[in-house]
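Heads up, the thing below is written out as structure tokens.
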Amino acid sequence: MKFYILTLFPEMIENVLGTSIIGRAVERGMISYEAINIRDFTLDKHKKVDDYPYGGGAGMVMQAQPIYDAWESAARRADGPVRTVYLTPQGETFSQAKAKEFALEEDLILLCGHYEGVDERVLEEIVTDYISIGDYVLTGGELPAVVVVDAVSRMVPGVLSNRESGETESFEDGLLEYPQYSRPEVWHDRAVPPILLSGNHQKVDEWRRQQSLFRTRERRPDLLKTAHLTEKDKKYLNFE
Ligand code: ADE
């Protein structure tokens with residue numbers, strides 16, 4: 001899968017995506033990305049990419065021309081029509097389900113906005129998906145873009161090793177993940193739950209499922225409404 005990220009701050013993207021699991025996936029050729037500097041496409045002789053808003057008001061607006069030309073250079077290289085995501089607090093809230101959906105694409109273009117916004121006309125021409133990463137306002141779309149690239153990449157087959165793969169992780173079946181423990185057995189007078197040392201895999205699985213259920217009820221009760229619950233799960237929840 002290839003990500004094209006249209007941005008005024010390519011170094012911000014590269015600094016984050018070059019590291020850790022995503023950096024390794026790039027080295028292994030499972031995914032690739034290109035941070036495309038919108039400023040490289042401006043036809044303005046002073047390299048300007050923004051201007052005052054028609055109708056007045058504070059701040060500047062990113063102009064259509066450099067964004068469109070940057071987008072076209074990416075779209076030309078992708079084969080076929082390519083989904084184009086604009087990161088904006090006005091978008092649909094990003095989710096694990098959306099990450100999985102985007103991971104089915106061959107290519108994805110992400111547009112990072114800045115200043116007071118982007119000329120509406122270029123958005124109308126190129127954007128297929130408006131995505132927000134939460135109900136707060138950031139100074140630009142770069143952090144949201146790397147959040148989306150990270151979450152989508154780990155859903156691309158082969159990016160995670162079997163050990164890292166997300167079978168039992170949070171949100172997989174609509175529940176939060178159970179707590180994890182590693183050595184030592186006792187730390188700061190806190191012992192690891194004895195059942196995890198019992199060697200009884202069935203009991204361990206049951207205990208983890210209960211922990212997932214209780215934790216979800218405590219921290220994200222809203223998720224229980226749509227989680228996939230078995231009859232046994234419902235019994236556990238009624239008991240406690
Ligand atoms: N740009 C600024 N804030 C944002 C947010 N919360 N999500 C996506 N893009 C943004």
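Quick caveat, the model's predicted, so the values are computed rather than measured. Whatever order the structure lists ligands and atoms in, that order sets their numbers, starting from 1.
- Between Glu106 and Lys2 no salt bridge is recorded (no basic side-chain N to carboxylate O distance below 4.0 Å).
- Looking at Trp187 and Val192, their side chains never come closer than 4.5 Å, going by heavy atoms from C-beta outward.
- Nearest protein neighbour of atom 8 (C) of ligand 1, counting heavy atoms only, is Thr88 N, 3.4 Å.
- From the protein, the heavy atom lying nearest to atom 3 (N) of ligand 1 is Leu138 N, 3.0 Å.
- Under a 4.0 Å criterion applied to the non-hydrogen atoms of Ile131, ligand 1 contributes the atoms 8 (C).
- The single protein non-hydrogen atom nearest to atom 5 (C) of ligand 1 is Tyr136 O, 3.8 Å, given as residue, atom name and distance.
- The cationic atom of Lys100 (NZ for Lys, CZ for Arg) does not lie both less than 6.0 Å from the six-membered ring centre of Phe102 and within 45° of the ring axis.
- At least one side-chain heavy atom of Leu160 sits less than 4.5 Å from a side-chain heavy atom of Ile21.
- Atom 7 (N) of ligand 1 has Ile133 N, 3.0 Å as its closest protein atom, hydrogens excluded (heavy atom only).
- Remark: ligand 1 atoms within the under-4.0 Å shell around heavy atoms of Gly134 are 6 (N).
- Smallest separation of non-hydrogen atoms from Thr7 and Glu142: OG1-OE2, 2.5 Å.
- The shortest heavy-atom distance from Leu143 to ligand 1 is not under 4.0 Å.
- Applying the 4.0 Å criterion to heavy atoms of Ser132 picks out, from ligand 1, the atoms 6 (N), 7 (N), 8 (C).
- Near Leu87, with a cut-off below 4.0 Å to any heavy atom, the atoms of ligand 1 are 8 (C), 9 (N).
- Looking only at heavy atoms of the protein, atom 1 (N) of ligand 1 is closest to Pro89 CD, 3.6 Å.
- Taking 4.5 Å as the limit, some side-chain heavy atom of Gln63 sits within range of a side-chain heavy atom of Lys48.
- Heavy atoms from other residues, nucleotides or ligands lying under 6.0 Å from CZ of Arg28 number more than 12.
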